[in-house]
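A short worksheet on the structure shown next.
For the single chain, residues carry numbers from 1 onward in sequence order.
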Amino acid sequence: MPISVLLVDDEPLVRAGLRAVLEAQGDIQVVGEAADGAAVVPLVRQLRPDVVAMDVRMPLLDGIAATRAVLRTVQPPPKILVVTTFENDEYVYQALRAGADGFLLKRARPAEIVHAVRLIAEGESLLFPAAVRALAAEYGNSAAREALDRAALTEREAAVLRLMARGLSNAEIAAQLIIGVETVKSHVSAVLAKLGARDRTQAVIAAYESGFVAPA
């Protein structure tokens with residue numbers, strides 16, 4: 001089955017460009033478009049896309065509020081890929097904290113856009129760039145550190161979280177630690193459960209905010 005995508009952006013030219021790039025692939029299908037976040041929940045319920053490519057800044061309902069609305073009201077929710085102009089935009093970071101699964105710049109090359117959608121659909125979240133990692137570190141606080149301490153990660157789980165924070169996929173983590181991919185998946189699941197994180201992105205945010213991992 002092709003990966004189904006809903007495009008959400010207030011600029012028609014951006015939506016047209018994304019559609020052209022994605023529909024050139026045999027395994028990706030754009031099933032709908034919206035010009036504002038206010039239309040996202042009804043369209044997600046109707047179309048059931050695998051991925052929502054969501055602009056973060058829109059006039060009526062921005063991508064942060066739309067992300068929260070989707071995750072609160074639609075089960076199971078689609079993957080949400082934040083698409084925006086500025087990599088160091090605090091709105092991007094807030095969208096990731098709200099539950100978005102990954103981040104992509106509008107100026108990304110076509111191959112990067114396709115790769116992002118495929119990666120998000122597979123559940124191995126894109127990680128935010130250095131500028132947004134620095135924002136995560138700035139949000140650090142004692143509560144985040146205490147939550148990480150309470151998680152009581154094992155040595156191997158801690159190693160997996162550090163590699164997740166570097167953006168490595170399960171296969172890359174397995175190669176780095178010389179263990180099987182299924183073992184990595186088990187460790188990732190344990191890390192998410194202990195941190196109370198919805199997905200990999202949320203776990204990595206916790207790692208940066210707690211100071212467990214420092215931005216490069």
Side-chain angles (χ1 to χ4, degrees), residues 3 50-52 54 64 67-68 70-72 74-82 87-88 90-104 112 115-216:
I3 299 167
D50 299 310
V51 176
V52 177
M54 179 107 69
I64 302 169
T67 294
R68 291 194 181 108
V70 169
L71 297 179
R72 184 176 63 249
V74 181
Q75 294 298 326
K79 302 293 184 179
I80 297 178
L81 176 64
V82 174
E87 65 181 346
N88 60 349
E90 188 169 339
Y91 274 73
V92 174
Y93 179 62
Q94 293 299 341
L96 292 167
R97 290 187 92 229
D101 298 281
F103 169 92
L104 182 70
E112 292 173 331
H115 174 70
V117 168
R118 287 173 177 156
L119 193 63
I120 287 291
E122 292 168 1
E124 294 194 17
S125 301
L126 290 179
L127 299 181
F128 30 83
V132 184
R133 296 182 199 184
L135 278 175
E138 288 178 14
Y139 275 83
N141 53 64
S142 58
R145 289 189 289 274
E146 290 168 3
L148 201 292
D149 290 339
R150 286 196 303 272
L153 300 180
T154 66
E155 183 176 343
R156 181 49 60 89
E157 290 165 355
V160 167
L161 179 56
R162 289 190 182 96
L163 295 174
M164 287 166 59
R166 284 172 47 190
L168 274 63
S169 67
N170 288 344
E172 291 167 335
I173 293 172
Q176 187 88 2
L177 298 179
I178 317 177
I179 57 178
V181 173
E182 291 303 318
T183 301
V184 172
K185 290 180 180 179
S186 296
H187 287 314
V188 170
S189 295
V191 169
L192 299 188
K194 289 185 176 183
L195 294 178
R198 189 179 72 88
D199 56 27
R200 297 167 77 99
T201 300
Q202 303 304 301
V204 172
I205 286 174
Y208 281 112
E209 288 188 346
S210 67
F212 178 76
V213 177

With the side chain counted from C-beta on, respond yes when [X] and [Y] share a heavy-atom pair under 4.5 Å apart, and no when they do not.
X: L177; Y: V184; answer: no
X: V160; Y: V188; answer: yes
X: R156; Y: I179; answer: yes
X: L161; Y: E157; answer: no
X: R166; Y: I173; answer: no
X: V117; Y: I3; answer: yes
X: M164; Y: V204; answer: yes
X: P78; Y: V51; answer: no

What's the shortest heavy-atom distance between [X] and [Y], and which atoms?
X: A98; Y: L71; value: O-CD1, 3.4 Å
X: Y208; Y: A165; value: OH-O, 3.2 Å
X: A203; Y: A197; value: N-CB, 3.6 Å
X: A95; Y: I64; value: N-CG1, 3.8 Å
X: S210; Y: A144; value: CB-O, 3.4 Å

Report the C-alpha distance between N170 and K185 in whole Å, list the side-chain angles of each, state the deciding distance to 0.1 Å, and finish with yes or no for side chain to side chain contact (heavy atoms under 4.5 Å, CB included). CA-CA 7 Å; N170 288 344; K185 290 180 180 179; 3.5 Å; yes
Nearest 0.5 Å, what's the [atom1]-[atom2] distance between [X] and [Y]?
X: L119; Y: L81; atom1: CG; atom2: CG; answer: 9.5 Å
X: L104; Y: H115; atom1: CG; atom2: NE2; answer: 10.0 Å
X: F212; Y: L195; atom1: CZ; atom2: CG; answer: 9.0 Å

Across all chains, not counting sequence neighbours, the side chain to side chain donor-acceptor pair (under 3.5 Å) partners of E172 are S169
The side chain to side chain donor-acceptor pair (under 3.5 Å) partners of E209 (sequence neighbours excluded) come to Y93, R97
Quick one: list whatever passes salt bridge (charged side-chain N to carboxylate O under 4.0 Å, His left out) with R145, sequence neighbours left out.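 With sequence neighbours excluded, R145 shows a salt bridge (charged side-chain N to carboxylate O under 4.0 Å, His left out) to no residue whatsoever.
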Determine yes or no for a side-chain-to-main-chain donor-acceptor pair under 3.5 angstrom, with D101 supplying the side chain and I120 the backbone. no
Ignoring hydrogens and angles, tell me if any N or O in the side chain of Q202 forms a donor-acceptor pair with the backbone of L192 under 3.5 Å. no
Whether K79 and D199 form a salt bridge (side-chain N of Lys/Arg under 4.0 Å from carboxylate O of Asp/Glu) is what I want to check. no
